[in-house]
Student: 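Please read through the structure below; I'll follow up with questions.
What you are looking at is a predicted structure, and each value in this text was computed from that prediction instead of being measured.
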Amino acid sequence: MTTNFAATLAALAAEVAHPRAGGAQLPAGQSPAVGAACSHAPETVRPLADRDDGTVVRHGAFVAKGHAPDTDSAALDVRIAVAAHPLLSGVLLAPLPLPTPLPRPPSGQAPPAPSSGRAARDRARPLSLWPYGTPVDPAEPDAAPWEETAVLLARLHRTDTSALPGPLPPMRGPAKAARAVARMLAARPHPAVLAAWRGLPARARNEAPDPGRTLCHGDLHLGQLVRHPAPDGPWHLIDVDDLGLGDPAWDLARPAAWYAAGLLAPDVWQRFLAAYRAAGGPAVRPEGDPWPELDVAARALTVQTAALALAKSTAEDRPLDEVEQLMIDACARIAQLRPGNGGALPA
């Protein structure tokens, strides 16, 4: 994250945390109340994430996000509008309107140029604004909200897309998997991972359109959930960058792949699956073996996870850790099976 871009995000979050009349600019770290020091606790005024695909800064009850430089702004506008739609209330965290005019960062550089009421662009990076929510605590894995996640997914998947803003873009799950494999190829190609990838159908490799017409999250994992209002409100799904139309099995694929690789306990997987079915989720049949619907997406997520592990471990000049090696091993099992036999992962 560049210094100027960090300042832009910090100024945006501070603007809504400390609204002031006239739009006057204040030095960083000061509130509009006669220039007094910010009253928010230091732990609530900080970066939350800084990755190639997104930078997130918190200021009190507000979060400013800088999306990936290659983001399709028109598609992002639709995705954010969907998150704001009443049909998704209680499912997706709703965005906040951006202030007008947008604040200037403390350096005095030009502010971002607005592109809509809920998204703006800082040169090459779109911006958006959100309420802060309490995330899943990684130190408490037994308290992870698997059943609540399943119900949220079922509600998302049952949404009447004809009533939503559009045109709805494709869900980006296959695109993310293809990008992960490209990163691996540039860093550390692995024959078993490549063989597992080549055994997938073209739609899972992002080489053909996905015929699915269900509203999907596109990148479901426990880091995509927050309680809002913080600290103990109901759970909501966040991060709509990959939201769109596609095969809903993709949203169940990561926990399915973890279960298949031995990373998710069988009872947790069964509770998750049962909660999804009880809530009317359409990704799998109402009873019986779910694997005919989940197999392709679960194999794709296994490959994606393994490919990213290889790329990241190479960039960090370190060996694979135990979890990463389990995903490589899962790819090796997938690669040994004949294409189309559907037996790569357990039901």
Student: What pairs with H190 under ring pair (Phe, Tyr, Trp, His ring centres under 6.0 Å), at least two apart in sequence or on another chain?
Tutor: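 For H190 there are no ring pair (Phe, Tyr, Trp, His ring centres under 6.0 Å) partners, ignoring immediate neighbours.
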Student: Is the H157 ring parallel, tilted or perpendicular to the Y276 ring (thresholds 30°, 60°)?
Tutor: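 Rings of H157 and Y276: perpendicular, as their planes differ by over 60°.
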Student: Name every donor-acceptor pair, under 3.5 Å, that has one atom in a side chain of residues 87-96 and the other anywhere in the protein, sequence neighbours excluded.
Tutor:
none

Student: Shortest non-hydrogen contact from A275 to A150?
Tutor: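 Distance-wise, the nearest heavy atoms are CB-CB, 3.8 Å.
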Student: Test M327 against every option in V193, L308, L310, T302 by the side-chain contact (heavy atoms from CB on, under 4.5 Å) rule and name the one that passes.
Tutor: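 In the set V193, L308, L310, T302, the residue that makes a side-chain contact (heavy atoms from CB on, under 4.5 Å) with M327 is T302.
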Student: Using the test side chain to side chain donor-acceptor pair (under 3.5 Å), find all partners of R205 that sit at least two apart in sequence or belong to another chain.
Tutor: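 R205 satisfies side chain to side chain donor-acceptor pair (under 3.5 Å) with E207 only.
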Student: Report all side-chain donor-acceptor pairs from residues 166-184 shorter than 3.5 Å, counting only partners two or more places apart or in another chain.
Tutor:
from, atom 1, to, atom 2, distance (Å)
R172, NH1, D242, OD1, 2.4
R179, NH2, D70, OD2, 2.8

Student: Which residues pass the side chain to side chain donor-acceptor pair (under 3.5 Å) test with D160, not counting sequence neighbours?
Tutor: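 Expected list: S162.
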Student: Does anything in residues 147-156 pair up under side-chain hydrogen bond (donor to acceptor under 3.5 Å, both in side chains), and if so which pairs, sequence neighbours excluded?
Tutor: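 Pairs touching residues 147-156 that pass the test: E147-R271.
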Student: Quick one: which residue pairs count as a side-chain hydrogen bond (donor to acceptor under 3.5 Å, both in side chains) with a foot in residues 313-323, not counting sequence neighbours?
Tutor: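 Only R188-S313, E316-R318, R318-E324 qualify under side-chain hydrogen bond (donor to acceptor under 3.5 Å, both in side chains).
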Student: Hydrophobic clusters here meaning ILVMFWY residues chained together by side-chain heavy-atom distances under 4.5 Å, can you tell me if L337 and I328 are in one?
Tutor: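 No, it is not one cluster - the side chains of L337 and I328 are not joined through contacts under 4.5 Å.
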Student: What pair of heavy atoms forms the shortest contact from A187 to A311, and how long is it?
Tutor: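 Looking at all heavy atoms of both residues, the closest pair is CB-CA, 4.0 Å.
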Student: Test of understanding: with ring pair (Phe, Tyr, Trp, His ring centres under 6.0 Å), list the residues that count as partners of H59, not counting sequence neighbours.
Tutor: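 Scan of H59 (ring pair (Phe, Tyr, Trp, His ring centres under 6.0 Å), adjacent residues dropped) gives H18, H40.
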Student: Could you tell me which residues satisfy ring pair (Phe, Tyr, Trp, His ring centres under 6.0 Å) with W146, sequence neighbours excluded, listed by chain and number?
Tutor: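 Applying ring pair (Phe, Tyr, Trp, His ring centres under 6.0 Å) to W146 gives F272.
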Student: Assess the residue pair V268 and Y259 against the criterion (side-chain contact (heavy atoms from CB on, under 4.5 Å)); give the C-alpha distance rounded to whole Å, side-chain angles, the decisive distance to 0.1 Å, and a yes or no.
Tutor: CA-CA 9 Å; V268 175; Y259 159 63; over 6 Å; no
Student: Among residues two or more places apart or on two chains, list those pairs meeting ring-ring contact (aromatic ring centres under 6.0 Å, His included) that have a residue in residues 192-221.
Tutor: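 Listed once each, the pairs would be none.
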Student: Should V136 and W235 count as side-chain neighbours, where that means a heavy-atom distance under 4.5 Å?
Tutor: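 Result yes, sub-4.5 Å side-chain heavy-atom pair found.
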Student: Begin with the C-alpha distance, continue with both residues' side-chain angles, and end with the deciding distance and a verdict on salt bridge (Lys or Arg N to Asp or Glu O under 4.0 Å) for R299 and D295.
Tutor: CA-CA 6 Å; R299 284 190 282 140; D295 176 62; 3.0 Å; yes
Student: Would you call L252 and L220 a side-chain contact if the rule is heavy atoms closer than 4.5 Å?
Tutor: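 In short, these two side chains do not touch, never coming nearer than 4.5 Å.
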Student: For the pair T214 and T159, evaluate side-chain contact (heavy atoms from CB on, under 4.5 Å) and give the outcome as yes or no after the intermediate values.
Tutor: CA-CA 8 Å; T214 298; T159 303; over 6 Å; no
Student: Which residues satisfy the salt bridge (charged side-chain N to carboxylate O under 4.0 Å, His left out) test with R58, sequence neighbours excluded?
Tutor: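 For R58 there are no salt bridge (charged side-chain N to carboxylate O under 4.0 Å, His left out) partners, ignoring immediate neighbours.
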Student: Side-chain contact, heavy-atom cut-off 4.5 Å: L129 with P99?
Tutor: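 L129 vs P99: side chains touch.
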Student: What are the two closest heavy atoms between T134 and P231, and how far apart are they?
Tutor: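 Heavy-atom minimum between the residues: OG1-CA, 3.1 Å.
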Student: For P234, does its backbone N or O pair with a side-chain atom of R227 as donor and acceptor, under 3.5 Å?
Tutor: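 Here the side-chain-to-backbone pair does not exist.
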Student: Is it the case that one hydrophobic cluster holds both L152 and L243, taking links as side-chain heavy atoms less than 4.5 Å apart, direct or via other members?
Tutor: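 Yes, it is one cluster - the side chains of L152 and L243 are joined through contacts under 4.5 Å.
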Student: Check whether any side-chain heavy atom of H228 lies under 4.5 Å from a side-chain heavy atom of I238, and answer yes or no.
Tutor: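 No, side chains not in contact.
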Student: Grab the two heavy atoms, one from A260 and one from R333, that are nearest each other, plus how far apart they are.
Tutor: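 In terms of heavy atoms, the two residues are closest at O-NH2, 3.7 Å.
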Student: Do T44 and Y132 have side chains that approach each other closer than 4.5 Å (heavy atoms only, starting at C-beta)?
Tutor: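 No, side chains not in contact.
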Student: Give me the atom names and distance for the closest heavy-atom approach of S128 to H67.
Tutor: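 In this case the closest contact between S128 and H67 is OG-NE2, 2.7 Å.
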Student: Using side-chain contact (heavy atoms from CB on, under 4.5 Å) as the criterion, point out the one residue from V82, I80, D77 that pairs with P165.
Tutor: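 Per the side-chain contact (heavy atoms from CB on, under 4.5 Å) rule, the option paired with P165 is V82, out of V82, I80, D77.
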Student: For the residue pair F62 and L12, establish whether any side-chain heavy-atom pair is separated by less than 4.5 Å.
Tutor: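 When only atoms from C-beta onward are counted, L12 and F62 do not touch, as no gap falls below 4.5 Å.
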Student: How would you list all residue pairs meeting salt bridge (charged side-chain N to carboxylate O under 4.0 Å, His left out) that involve residues 244-256, not counting sequence neighbours?
Tutor: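 Of all non-adjacent pairs touching residues 244-256, those that pass salt bridge (charged side-chain N to carboxylate O under 4.0 Å, His left out) are R203-D247, D219-R254.
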